[in-house]
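Here is the structure we will look at, set down as structure tokens.
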Amino acid sequence: MIMDLQLASLLTCGFLMIIGMFAAIFIDNVIKKVIGIAFIEEGVNLFIVTIGYKAGGVVPIILPEMDPSWFASNAAYPLPFGLVLTSIVIGASTLAIMLALIMILYKKYGTLSAKELLKDRSKEAVADE
Amino acid sequence: MLGYLFMIFAVVSAILALVQRDLLKAVILTGVSGASVAFIFQILLAPDVALTQAIIVAAIEPAFIALTVKKTTREDV
Amino acid sequence: MRLYDKLINIIEGMKGSTTNDSISGDLVAELTLISTLLMLGIVVRHVSIFLSIVILLGLLLILITNLPLMPKLKKEQEDSLGQMLYYVLVTLGVLFAAVYWGGNFV
Amino acid sequence: MNELIPLMVIFPIAAALLINLFGFKSTFVKYISIIVAFIIPIIPLASNFGLHYFGGHAPLESSLSGILYHTAITYSFTAFEQLFIFILGILGFFVVLIYVNSYKKASGPYLFLLFMGIAAVSALILSDDIFHMFVFFEIAAIVQVGIVAASTIKDRYEIALKYMIVGSIGSPIILLGIAFLLAIFGNVNITDIVNMINAGFPAASSPVFFASLALIFFGWLYTAGLPPFHTAKSGIYSGAEPQGAALLQAFSVITMVSILIAMVRIFSGLEIFNVILVAFSLLAMILSITMALVQTDFKRMIAFLAVGELGFIGLGMGIGTELSMTAGLFQAVNEMVITALLFIGFGAIAVVCKTTDINKLGGLISDYPKTAIMVLIGGFAMAGVPPLNGFQSKLMLVQSALNAGYPEFAIIIVLISIATFVVFVKVFYLMFLKTKPKALEVSGEKIPKSTIITLAVFLIICITLGLFPSIATDTISGFVGGLL
């Protein structure tokens with residue numbers, strides 16, 4: 001093996017977060033911004049799962065035939081996994097709300113460009129009155 | 001070994017998703033990236049998380065985005 | 001240039017504010033900004049008095065050379081998403097660098 | 001009755017779901033939401049102080065180190081939490097009252113959002129578990145966006161989407177910070193983490209610990225709306241309906257205070273924490289007050305002031321003495337009430353005049369004398385005029401800054417207070433005293449009685465806290481004593 005699995009996974013989540021950040025900040029299309037945000041969340045979730053991983057361990061589900069002390073010293077750490085479940089669902093719900101807002105705004109302006117949609121409108125409001 | 005493959009897959013499909021001109025292709029590649037991450041979760045000993053990830057991030061989220069794309073526009077100008 | 005001309009220039013620099021009340025608001029903002037920034041320069045004396053003097057002098061120079069500060073500052077705090085995200089990114093970078101590398105030196 | 005502790009969160013959530021279920025059946029929704037809103041502030045008063053372990057999992061004692069490990073999500077309820085949740089409940093009650101009274105059709109989903117937000121921030125301040133805090137903070141963020149999107153302001157969707165995109169950078173960052181803490185300590189319970197740090201856990205001085213401070217601090221900036229998020233946050237306030245904005249700022253204050261307390265407990269050993277806390281608080285105060293002075297939209301002015309006042313809380317906590325922390329938290333209590341008063345008072349004017357541009361308003365004191373006077377006193381309270389509550393907390397802050405050896409901060413506090421006063425005098429003059437512009441048509445619409453009553457009650461709270469600050473400060477200083 002070239003690299004430890006845990007280290008490689010950490011690198012992956014770093015890449016995912018950086019790609020997501022780049023997309024969320026620099027890409028003009030709003031849907032791509034949202035996709036980028038989904039990647040950031042994915043990266044963070046992967047990070048949390050990686051914390052719980054144990055090289056050469058077993059899945060943290062205790063079966064009747066397992067010896068509890070062997071299980072305790074060999075199972076992966078299940079707390080981060082539990083946390084990730086919640087955070088995945090939160091990510092999905094924020095994504096859904098953002099997409100709903102995008103649909104409404106597209107109806108109003110007919111564009112997906114963030115520069116157009118989300119520019120400063122305070123001066124415009126003064127201009128048309 | 002499979003783990004590394006999926007890691008490369010996740011990153012590459014994420015990058016590819018963001019350079020597509022056609023937003024529907026981007027949606028599909030987002031799903032691919034989510035599914036790869038779900039496999040990574042499985043390999044990292046978290047099958048329950050992998051299941052949730054596979055359903056929510058790899059299936060439902062792309063469906064949401066695809067719906068938005070259908071209601072708006074497919075082209076990323 | 002005389003001080004009065006300078007003041008007139010400052011007021012003319014605040015385009016968009018035409019009524020008496022908005023000019024007064026802008027002037028108060030300007031004065032508050034300058035005085036609080038100078039106070040912040042003095043806070044540095046807890047680190048080193050010499051550094052504080054340097055910062056104060058530099059601050060004075062910068063403040064005097066770009067005097068109508070508020071229009072510039074206001075332009076930097078627009079409601080557009082691009083600007084918000086830019087400053088979010090800059091702050092994240094500065095904060096992380098300051099805490100990660102500077103944390104042990106405080 | 002320790003069983004009432006989780007009820008403070010569960011009851012509003014259950015009520016919210018129930019109300020949402022009945023949707024648009026107006027009269028029923030109205031009655032039930034008034035009843036629910038009335039019960040919410042009573043629960044914290046009736047409950048006993050203590051700890052609540054979800055699922056009944058009591059803490060386990062480690063046989064090796066003798067440290068207690070909390071295995072359950074723990075809620076800790078003391079007089080401090082009681083104060084905040086009670087004030088929040090009072091605000092919530094009046095907000096619901098105004099909403100139900102001033103709209104013919106009460107919408108179930110909107111009330112759902114209000115109650116869900118109350119539940120979320122109650123959970124935030126009660127919780128002793130940092131991931132639990134993150135979850136409810138995200139719920140609160142979604143609720144904030146929902147309240148804005150449900151308003152009738154012109155650019156509400158743009159404002160909501162902007163806040164969400166900016167927030168989507170902020171909230172994964174705070175989650176990453178929590179993940180770093182989890183990676184160091186293997187635990188997300190704050191008490192456990194603090195115990196481990198006090199027991200000399202070696203990783204507590206590692207670079208990873210500093211990194212987690214930076215990430216959580218950045219996320220905290222987003223929760224509080226301090227710079228660089230102040231433009232987005234003030235947009236949110238001005239994009240909501242007045243009563244919604246009143247509740248939104250209370251959400252921000254409580255979210256900010258609870259995460260700040262968690263950070264103070266975990267990171268107070270690192271000296272850079274106080275430095276960055278003070279720096280960003282001062283920045284927030286300066287930038288927001290100067291932006292408030294140059295606005296022409298009066299809702300946006302109040303919104304910027306609301307953001308700037310949060311800086312006082314951060315400054316008080318950052319100076320780090322017992323007096324200053326008490327002053328900062330007392331300021332938080334005061335600010336919730338005062339800003340709610342201002343949002344509701346000015347918002348009522350905006351609703352009847354159908355404009356928020358101060359240049360188009362004037363001479364309204366003859367039409368709305370009661371509202372004008374109450375709003376004026378509210379403004380005095382925020383600027384720190386005796387004998388109102390803002391004066392007491394700001395005086396405490398100034399004293400604590402002087403005692404701690406930072407007279408510069410005291411001067412800055414006074415300067416910012418003066419600027420706040422200027423904002424108020426300006427808005428008040430332009431709205432109420434200036435000759436009425438010809439273009440302004442006051443439709444003769446009356447300000448609803450519920451709004452007037454609400455303003456009066458908030459004013460009474462302000463004056464009571466101003467005359468007898470010890471009602472709040474005794475509780476808070478007891479809490480701060482336990483914190484240090």
Side-chain angles (χ1 to χ4, degrees), chain C residues 14 16-47 52 69-71 73-74 76-106, chain D residues 155 158-159 161-162 165-166 169-170 173 205 207 209-211 213-215 217-218 221-222 227-232 235 270-276 278-280 282-283 285-287 289-296 358-359 405-406 408-409 411-412 415-416 418-419 422-423 426 429-430 434:
Chain C
M14 297 169 180
S17 48
T18 43
T19 59
N20 255 339
D21 330 298
S22 54
I23 296 265
S24 67
D26 283 15
L27 275 178
V28 174
E30 189 87 19
L31 292 174
T32 314
L33 187 65
I34 292 170
S35 46
T36 43
L37 281 180
L38 291 180
M39 274 296 145
L40 286 186
I42 299 176
V43 175
V44 184
R45 84 191 157 91
H46 292 284
V47 182
S52 167
L69 290 169
M70 246 357 260
L73 201 67
K74 199 184 171 189
E76 288 304 310
Q77 298 175 67
E78 268 186 352
D79 267 353
S80 71
L81 181 75
Q83 209 138 29
M84 284 180 195
L85 283 178
Y86 171 72
Y87 280 105
V88 166
L89 193 65
V90 168
T91 314
L92 178 59
V94 169
L95 185 65
F96 196 88
V99 175
Y100 191 83
W101 282 294
N104 284 318
F105 299 114
V106 178
Chain D
D155 288 336
E158 288 88 334
I159 294 169
L161 185 59
K162 266 177 218 165
I165 292 181
V166 174
I169 311 286
I173 295 288
S205 55
F209 195 53
F210 282 109
L213 166 62
L215 295 171
F217 191 87
F218 183 78
L221 292 179
Y222 158 58
F229 297 98
H230 60 304
T231 43
L270 307 179
E271 284 187 7
I272 187 129
F273 172 64
N274 288 13
V275 174
I276 53 176
V278 167
F280 275 92
L282 289 171
L283 201 63
M285 285 155 67
I286 295 167
L287 288 182
I289 198 74
T290 49
M291 282 303 280
L293 278 163
V294 298
Q295 295 295 319
T296 55
I358 42 171
N359 292 325
Y406 295 101
E408 302 90 343
F409 294 157
I411 296 169
I412 291 176
L415 277 173
I416 300 282
I418 293 169
V422 172
V423 176
K426 190 184 156 190
Y429 168 73
L430 289 175
K434 192 180 71 176

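None of these values were measured; they are calculated from a predicted model.
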Checking C:Ala98 against chain D: side chain, backbone, both or neither under 4.5 Å from a heavy atom?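 Contact with chain D is through the backbone of C:Ala98 alone.
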
Against chain C, label [X] side chain, backbone, both or neither, depending on which of its atoms sit under 4.5 Å from a heavy atom there.
X	answer
D:Phe209	neither
D:Ile159	neither
D:Leu270	neither
D:Tyr222	neither
D:Val422	side chain
D:Leu161	neither

Leading residue by heavy atom contact count with chain D [cutoff under 4.5 Å; candidates C:Val90, C:Leu31, C:Leu33, C:Asp79]: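 Ranked by contacts with chain D, first place is C:Asp79.
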
Reported [atom1]-to-[atom2] distance for the pair [X] and [Y], which is rounded to 0.5 angstrom:
X	Y	atom1	atom2	value
D:Thr231	C:Gln77	OG1	CD	7.0 Å
D:Ile169	C:Thr91	CD1	OG1	12.0 Å
D:Phe229	C:Met84	CZ	CE	10.5 Å
D:Ile272	C:Tyr100	CD1	OH	13.5 Å
D:Gln295	C:Lys74	CD	NZ	5.5 Å
C:Met39	D:Ile411	CE	CD1	3.5 Å

Any side-chain heavy-atom pair from D:Val166 and C:Leu81 closer than 4.5 angstrom?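 Yes, close enough: below the 4.5 Å cut-off.
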
Can you confirm whether D:Phe280 sits close enough to C:Leu95 that some side-chain heavy atom of one is under 4.5 Å from a side-chain heavy atom of the other?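 In short, these two side chains touch, coming nearer than 4.5 Å.
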
Could you tell me which of [options] has the largest number of non-hydrogen atom pairs under 4.5 Å with chain C?
options	value
D:Gly235, D:Ala419, D:Ala279, D:Pro207	D:Pro207
D:Ile289, D:Ile416, D:Leu287	D:Leu287
D:Leu213, D:Ile412, D:Leu221	D:Ile412

What are the two closest non-hydrogen atoms of C:Ala29 and D:Thr290, and how far apart are they?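 Heavy atoms only, the tightest pair is O-CG2, 3.5 Å.
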
Where C:Val99 and D:Phe210 come nearest, the two heavy atoms and their spacing: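 What the structure gives for the nearest pair is CG1-O, 3.3 Å.
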
Check the surroundings of atom OH in C:Tyr86: do more than 12 heavy atoms from other residues, nucleotides or ligands lie under 6.0 Å from it?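 Counting other residues, nucleotides and ligands, OH of C:Tyr86 stays at 12 neighbours or fewer.
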
With side chain to side chain contact (heavy atoms under 4.5 Å, CB included) as the test, would you mind laying out the steps for C:Leu40 and D:Leu283 before giving the verdict? CA-CA 10 Å; C:Leu40 286 186; D:Leu283 201 63; 5.9 Å; no

